[in-house]
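Each remark here refers to the structure printed beneath this line.
In what follows, every heavy atom counts, from backbone to side chain, and hydrogens, waters and symmetry copies are set aside. These numbers come from a predicted model, not from an experiment.
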Amino acid sequence: MISFKNVTFGYPNTETPVFENLSAEIPDSGITAVIAPSGVGKTTFLRLIAGLEKPDAGSVEITPKEARAAFVFQEQRLLPWYSALENIRAVCSVSDADAAALLTELGIGADLQGKRPSELSGGQRQRVCLARALLFNPDILLLDEPFSGLDSENRETVVEKIREFAKTRPVVLVSHINEDIKIADKVIEL
């Protein structure tokens, strides 16, 4: 379980905090969508769960404390000098066969797996990022606008993989698109 307990957080040199006395709970499994207008703190919410930011007051409690999170950022953070397959191996200790199998399942065939990010489309890069996060085998999956650049066929494949993961672990998804929120088991409005 992930619990926000009376969390107040603000970035340095800003007058207004992003969150003030925020409390929310995310269950141990399923997809939780976090919705809010642009600029209200959806990404900051994920960064607090990941431990990339610390609350100014209150707490973000994760049970168990040693839970590992994987974060698929809105900006695709792939190493430009590595291929799609090498980007996965750089983070995950999985076999080439396992990495190649998941990439193929996500529509990144053998012909694309040796290509660098600059040679892939935005949607292909997004799927490489998701494959890397899933193969990291995290306890928590954090997704910031995970379907950007995906056509409807690839979106359905990605949604299926996320749902499969969410059967046993929590997924926290932020999006401003109503279609994305429809896959959620729970919605938190900021």
Side-chain angles (χ1 to χ4, degrees), residues 1-11 17-55 58-64 67-77 102 105-107 122-123 125-190:
M1 168 103 49
I2 303 165
S3 296
F4 280 65
K5 295 184 177 179
N6 303 314
V7 169
T8 297
F9 175 82
Y11 287 102
V18 178
F19 301 122
E20 202 162 0
N21 207 28
L22 172 68
S23 293
E25 289 196 351
I26 297 163
D28 291 336
S29 63
I31 300 170
T32 300
V34 179
I35 62 171
S38 185
V40 174
K42 297 182 300 289
T43 299
T44 301
F45 188 88
L46 294 180
R47 291 178 63 82
L48 284 161
I49 294 171
L52 299 174
E53 304 291 349
K54 301 291 181 204
S59 64
V60 178
E61 297 175 9
I62 299 174
T63 307
R68 296 179 340 143
F71 201 140
V72 177
F73 292 91
Q74 191 171 2
E75 328 67 51
Q76 298 151 348
R77 297 185 179 185
L102 182 56
E105 208 174 319
L106 292 173
R125 289 191 302 268
Q126 189 70 3
R127 285 177 278 149
V128 172
C129 292
L130 180 65
R132 183 175 59 185
L134 291 170
L135 288 167
F136 181 68
N137 196 26
D139 301 303
I140 303 164
L141 183 58
L142 306 172
L143 304 172
D144 193 350
E145 304 285 350
F147 308 119
S148 60
L150 299 183
D151 59 35
S152 59
E153 181 181 333
N154 286 314
R155 184 185 186 286
E156 280 309 307
T157 303
V158 167
V159 166
E160 188 177 306
K161 278 306 205 194
I162 292 169
R163 280 192 175 128
E164 185 179 312
F165 178 92
K167 288 178 183 175
T168 58
R169 293 167 275 187
V171 172
V172 185
L173 158 83
V174 301
S175 180
H176 65 280
I177 301 170
N178 287 338
E179 188 66 27
D180 295 350
I181 296 159
K182 290 179 184 175
I183 71 166
D185 302 302
K186 177 179 181 173
V187 175
I188 296 173
E189 285 191 63
L190 297 179

Applying side chain to side chain contact (heavy atoms under 4.5 Å, CB included) to N6 and not counting sequence neighbours gives N21, S23

Residue set satisfying side chain to side chain contact (heavy atoms under 4.5 Å, CB included) with A50, at least two apart, ordered chain then number -> L52, F71, L142

Once rounded to the nearest 0.5 Å, what's the spacing between atom [atom1] of [X] and atom [atom2] of [Y]?
| X | Y | atom1 | atom2 | result |
| --- | --- | --- | --- | --- |
| I162 | I31 | CD1 | CD1 | 6.5 Å |
| I49 | S3 | CD1 | OG | 10.5 Å |
| I2 | T32 | CD1 | OG1 | 7.5 Å |

Can you list the steps and then say if I183 with L173 is a side chain to side chain contact (heavy atoms under 4.5 Å, CB included)? CA-CA 10 Å; I183 71 166; L173 158 83; 4.2 Å; yes

For a side chain to side chain contact (heavy atoms under 4.5 Å, CB included) with I26, tell me which candidate from I188, V34, I140 qualifies. I188

For [X] against [Y], the heavy-atom pair lying closest together:
| X | Y | value |
| --- | --- | --- |
| A184 | A33 | CB-CB, 3.5 Å |
| A36 | L190 | CB-CB, 3.8 Å |
| D151 | N154 | OD1-N, 2.8 Å |
| S59 | V7 | O-CG2, 3.2 Å |
| A133 | V72 | CB-CG2, 3.6 Å |
| A70 | F136 | CB-CD2, 4.0 Å |

Qualifying residues under salt bridge (Lys or Arg N to Asp or Glu O under 4.0 Å), relative to [X], sequence neighbours excluded:
| X | value |
| --- | --- |
| E164 | K161 |
| E61 | K5 |
| E153 | none |
| R169 | none |

Donor-acceptor under 3.5 Å (Q76 side chain, G122 main chain): yes

Is there a donor-acceptor pair closer than 3.5 Å between any side-chain N or O of R127 and the backbone N or O of L106? yes

Which pairs count as ring-ring contact (aromatic ring centres under 6.0 Å, His included) when at least one residue sits in residues 21-45, sequence neighbours excluded? F4-F45

For residues 23-48, which residue pairs pass the salt bridge (charged side-chain N to carboxylate O under 4.0 Å, His left out) check, not counting sequence neighbours? R47-E53

Only counting residues at least two apart or in another chain, list the ones meeting ring pair (Phe, Tyr, Trp, His ring centres under 6.0 Å) with F19. none

Can you list everything that forms a ring pair (Phe, Tyr, Trp, His ring centres under 6.0 Å) with F147? Sequence neighbours excluded, please. none

Worked check of side chain to side chain contact (heavy atoms under 4.5 Å, CB included) between L143 and L130: CA-CA 9 Å; L143 304 172; L130 180 65; 4.1 Å; yes

Could you pull out all residues at least two apart from R132 that satisfy side-chain hydrogen bond (donor to acceptor under 3.5 Å, both in side chains)? none

Under the side-chain hydrogen bond (donor to acceptor under 3.5 Å, both in side chains) test, which residues partner T43, sequence neighbours left out? D144

Do C129 and F73 come within less than 4.5 Å of each other through their side chains, counting heavy atoms only? no

Could you go through Y11 and T44, starting from their C-alpha distance and side-chain angles, then the distance that decides it, and tell me whether this counts as side chain to side chain contact (heavy atoms under 4.5 Å, CB included)? CA-CA 10 Å; Y11 287 102; T44 301; 2.8 Å; yes

Passes side chain to side chain contact (heavy atoms under 4.5 Å, CB included), V171 versus R163? Steps please. CA-CA 9 Å; V171 172; R163 280 192 175 128; over 6 Å; no

